[in-house]
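Numbers restart at 1 for each chain; the letters A, B, ... are given by sequence-line order, proteins then strands. Below, each value reflects all heavy atoms present in this structure, side chains not excepted, and no hydrogens, waters or symmetry copies. Given the structure is predicted, the values throughout are model-derived calculations rather than measurements.
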2 protein chains.
Amino acid sequence: MEQILAAAWELARRDGLGGVSLRELADRVDLRQPSLYSYFPSKAELYDAMFAQGFQELVEERERLVLDPDPTAALRQGCRHFIEFCTRDPVRYQLLFQHSIPQFSPSERSMQISRRALTILEGWLVRAGVTDPAGLDLMRAMLLGVAGEQIANEPGGQRWVQYTDDLVDVVVEVLRRRRSGPPARSRASRKGTTNA
Amino acid sequence: MEQILAAAWELARRDGLGGVSLRELADRVDLRQPSLYSYFPSKAELYDAMFAQGFQELVEERERLVLDPDPTAALRQGCRHFIEFCTRDPVRYQLLFQHSIPQFSPSERSMQISRRALTILEGWLVRAGVTDPAGLDLMRAMLLGVAGEQIANEPGGQRWVQYTDDLVDVVVEVLRRRRSGPPARSRASRKGTTNA
DNA sequence: GTCTATATTTGGATAGAC
DNA sequence: GTCTATCCAAATATAGAC
């Protein structure tokens, strides 16, 4: 079962997520194709297991991180790890963070694991003084944006990744500004906001 | 031909990009399936035409924008439009900005159109005082991150979109800091940088 | 350019014996 | 749980007449 999942990841890395075929998957683990149905009632459930496993890995790696005592440094560290986690395995990134397999949507059980990962990030943010829920949204969007561009345009490189720390700092700063600063500028009250 | 592309987009929105079938596409335009091969030598070329059309739309919409005289306001405006452009049509976003059809990669002709779109964004940045090439990279990453999260988690909503202006400010701020600040802090020289 | 007819491949999934 | 055998559906693509 573990072997099946491992082989599925291998195939996904070679042929793309959608290109995983149960026939070849069975071959890889020395089974006949129908035998896979003893493990997964459908292909969608295979994807679901991969999804759960991916987030499980993220959670475990995050729990294993030895974080700096300084909360801001710890946050930077956690964010760098996340970017590295994404770029390390683009296919996993695709399954976990892009909804690129239309016939699959994660089960409730899998969603719970993904929420555990999110909760950890939230903890880092709170400890760094970011309590605004917007902080979580912004940070996620930013990190996924950086990871996505890095993967799409320069897999394995550093061109985007190198800015992670700076981006984290500034996002924290913006959120701090929104909290303490002048009553957050609304779109309407700002100069030059009209579109088209 | 125009009709074929329009029908293809409709199908893509309904069944996903990968789910576009030439049979049904032919039906929609009152043709038999093999007749499509008079228009496109392969399905990949159909995707390529859609890709080119999508970026063509972006370029034209950008050229039609009436921008604020203040360069920073104009930049924000352009970025807001981009986010709106992405969220308006998630499938188009997927084809243009995620590489989610493995068997397709854009032709040189299509890439040229996409580069025209990028050049416009670059112009906005330069006029707003961002000349560092990293500015373009970061801005793209941020915008795609926001659009992606918005589409994935709350299609049609504003939860992420509302931070667009702030993110633009973040990017500008990061670049300003790197330009003027102390000789850009390297990862190694910073406190608490060790991972794991 | 468009048609009919068909080739060819490849999926996921099921039935039923062992 | 695993197998053999098979089903069924769907897809892209080609051949050749009109």
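B:Ser35 is linked by a side chain to side chain contact (heavy atoms under 4.5 Å, CB included) to B:Leu31, B:Arg32, counting only residues two or more places apart in sequence or in another chain. Shown here are the side chain to side chain contact (heavy atoms under 4.5 Å, CB included) partners of B:Val130, two or more places apart in sequence or in another chain: B:Leu125, B:Val172, B:Leu175.
The nearest whole Å value for the distance from the CD1 atom in B:Ile101 to the P atom in D:dT12 is 11 Å. Atom P of nucleotide D:dT2 and atom CG of A:Leu31 are separated by 6 Å, given to the nearest angstrom. The nearest whole Å value for the distance from the OH atom in B:Tyr39 to the C1' atom in D:dA13 is 18 Å. The CZ-P distance, from B:Arg32 to D:dA11, rounds to 16 Å in whole Å. Note: CD1 (A:Ile4) to C1' (D:dT2) measures 12 Å, nearest angstrom. Distance CG (B:Leu36) to C1' (C:dG1): 12 Å, rounded to an integer number of Å. For the pair B:Gln103 CD and D:dA13 C1', the computed distance is 14 Å after rounding to whole Å. At whole-Å resolution of the value, CZ in B:Phe40 and P in C:dT2 are 12 Å apart.
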Side chains of residues 14-29 of chain A: which donor-acceptor pairs under 3.5 Å do they make with residues two or more places apart or in other chains?
residue: A:Arg14; atom: NH1; partner: A:Glu24; partner atom: OE2; Å: 3.3
residue: A:Arg14; atom: NH2; partner: A:Glu24; partner atom: OE1; Å: 3.1
residue: A:Arg14; atom: NH2; partner: A:Glu24; partner atom: OE2; Å: 2.9
residue: A:Ser21; atom: OG; partner: A:Arg23; partner atom: N; Å: 3.4
residue: A:Ser21; atom: OG; partner: A:Glu24; partner atom: N; Å: 3.1
residue: A:Arg28; atom: NH1; partner: A:Glu10; partner atom: OE1; Å: 3.1

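Proximity of A:Ser35 to the phosphate of D:dG1: no side-chain N or O atom is located under 4.0 Å from OP1 or OP2.
Residue pairs meeting the side-chain hydrogen bond (donor to acceptor under 3.5 Å, both in side chains) criterion with at least one partner in residues 141-155 of chain A, sequence neighbours excluded, are A:Glu149-A:Asn153, A:Glu149-B:Arg140, A:Gln150-A:Glu154. Screening residues 100-144 of chain A for ring pair (Phe, Tyr, Trp, His ring centres under 6.0 Å) gives A:Phe51-A:Phe104 as the qualifying pairs, with residues at least two apart or on separate chains.
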| said: Within the 4.0 Å limit for protein heavy atoms, which parts of nucleotides 6-18 of chain C are touched? Write it as a string from 5' to 3', B for base, S for sugar-phosphate only, - for none. | reply: -----BBBB----
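Side-chain rings of A:Tyr47 and A:Phe40 stay apart, their centers remaining 6.0 Å or farther from each other.
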